[in-house]
Number of protein chains: 2
Amino acid sequence: MTTPPRFVEDYLLALLAQASHAASADFHARLKARGVAVPVWRVLATLHGAAAGATVGQLGKTCLMQQPTMSKLLDRMAADGLLARTRQGRQTRIALTSTGAALADSLVAEARAHEAALLARHAEAAPALKALLRAIISG
Amino acid sequence: MTTPPRFVEDYLLALLAQASHAASADFHARLKARGVAVPVWRVLATLHGAAAGATVGQLGKTCLMQQPTMSKLLDRMAADGLLARTRQGRQTRIALTSTGAALADSLVAEARAHEAALLARHAEAAPALKALLRAIISG
DNA sequence: CGCCGACACATGAAAAGTCATATGTTCACC
DNA sequence: GGTGAACATATGACTTTTCATGTGTCGGCG
């Protein structure tokens, strides 16, 4: 008799979380090797190529962090010289410094290479997967 | 002219993380309404229907938490009467108390209902999606 | 104009997570 | 059987996140 499938092994939200975690694991290891924390990387990636910068709120949403967490992360990144704040009315615009932009460029290149390798291992299904993930994200 | 696609908007790892986050959002809200933190839920879900319990290490892996984090989470859950530890040689076996099992049952039922609704919205693609996620998880 | 509610962000105290390491256990090998 | 390496978990110092709330700004409306 086969063991009945345990709930957690077929639960969609668990599969999503585990897939996300597993897929990111080795890239995250490379980040750590370079001394870059995951939240820092997310901000850099989000700001990469965003000429006009972004607001704290926008960064929070796309990086999946709460607003106070983001504020404090930005404190540290500013202290490290990666970005600068500019108050604009009631919102704060965040822009990378040249140091931050250089780091972002370098990491984005590495991420792209890593992604390409991952996609190659699921070549047929990849476009459909991305589309499906987008659908889920859109609700 | 269309804006060039920003890196982060087409990056697979970001899509996975965002999809996972978005898909979980309203269930997590229900957990919060019941006063249950997400890591607590994950442990309950993992232990649900695991007659023999699990070890700290196993829980850490399936719940995507590091071992010291798990140890301390288990401290709190034990203090709340949700589970009990039993040292077995060099490992510690974790089993739900009846209180914990009742809570787990209730939450798992709610999670199944929530998942069913989500799957219904992506009926055709769901099996393929799960298969793909499993492939990613397996590396 | 002046006021009030909504908004965007910052901050302080408390909780949770992380990193390094300590403790206790098993296993292989001599 | 004793010793040392690998394992499984626990714990302590420190960092990050969270929750609640504070501060400053815009918007509409009397």
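We name chains A, B, ... by the order of the sequence lines, and we start the count at 1 in each one.
Atom CD in B:Gln91 sits roughly 13 Å away from atom P in D:dC7 (whole-Å rounding). Rounding to whole angstrom units, CE of residue B:Met77 and C1' of D:dA10 are separated by 18 Å. The distance from atom CZ of B:Arg93 to atom P of D:dA10 is 13 Å, rounded to the nearest whole Å. Atom CG of A:Leu73 is separated from atom P of D:dT18 by 11 Å (rounded to the nearest Å). Rounded to an integer number of Å, the gap from CD of B:Gln66 to P of D:dG12 is 19 Å. Taking atom CE of residue A:Met70 and atom P of nucleotide D:dC19, one finds them 16 Å apart after rounding to whole Å. If you measure from atom CG of B:Leu59 to atom C1' of D:dA8, you get 13 Å, rounded to the nearest angstrom.
Scanning DNA chain C 5' to 3' for nucleotides with an atom closer than 4.0 angstrom to a non-hydrogen atom of chain B gives a first and last hit of C:dA16 to C:dT26.
Between the side chain of A:Arg93 and the backbone N or O of A:Gln88 there is no donor-acceptor pair closer than 3.5 Å. A:Thr46 contributes no side-chain N or O that, together with a main-chain N or O of A:Leu59, makes up a donor-acceptor pair within less than 3.5 Å. Remark: the backbone N or O of B:Ser20 is paired with a side-chain donor or acceptor of B:Ser24 at under 3.5 angstrom.
The ring pair (Phe, Tyr, Trp, His ring centres under 6.0 Å) pairs that include a residue from residues 41-89 of chain B are B:Phe27-B:Trp41, where partners are two or more places apart or lie in different chains. Counting only residues at least two apart or in different chains, side-chain hydrogen bond (donor to acceptor under 3.5 Å, both in side chains) contacts with residues 113-128 of chain A comprise A:Asp26-A:His114, A:Glu115-A:Lys130.
Contacts between residues 20-40 of chain A and DNA chain D, defined by a heavy-atom separation below 4.0 Å, involve A:Pro39, listed by number.
Residue A:Thr69 has a polar side-chain atom (N or O) positioned under 4.0 Å from OP1 or OP2 of D:dT18. For D:dT9, the OP1/OP2 oxygens have a side-chain nitrogen or oxygen of B:Thr55 closer than 4.0 Å.
Ion pairing between a basic and an acidic side chain is recognised when a charged N comes within 4.0 Å of a carboxylate O; A:Arg134 and B:Asp10 show such pairing.
The shortest side-chain heavy-atom distance between B:Leu74 and B:Ile94 falls under the 4.5 Å cut-off. Between B:Leu16 and B:Leu133 the shortest side-chain heavy-atom distance falls below 4.5 Å. The closest side-chain heavy-atom distance from B:Thr99 to B:Leu83 is not below 4.5 Å.
Between the side chain of A:Lys72 and the base of D:dT18 there is at least one donor-acceptor pair of N/O atoms closer than 3.5 Å.
The side chain to side chain donor-acceptor pair (under 3.5 Å) search around A:Glu110 returns A:Arg34, not counting sequence neighbours.
Looking at B:Ser71 and B:Gln67, their side chains do bring a donor and an acceptor atom within 3.5 Å of each other.
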message: Does the protein touch nucleotides 20-26 of chain D at the base, only the backbone, or not at all? Give it as B, S and - per nucleotide, heavy atoms under 4.0 Å.
response: B----BB
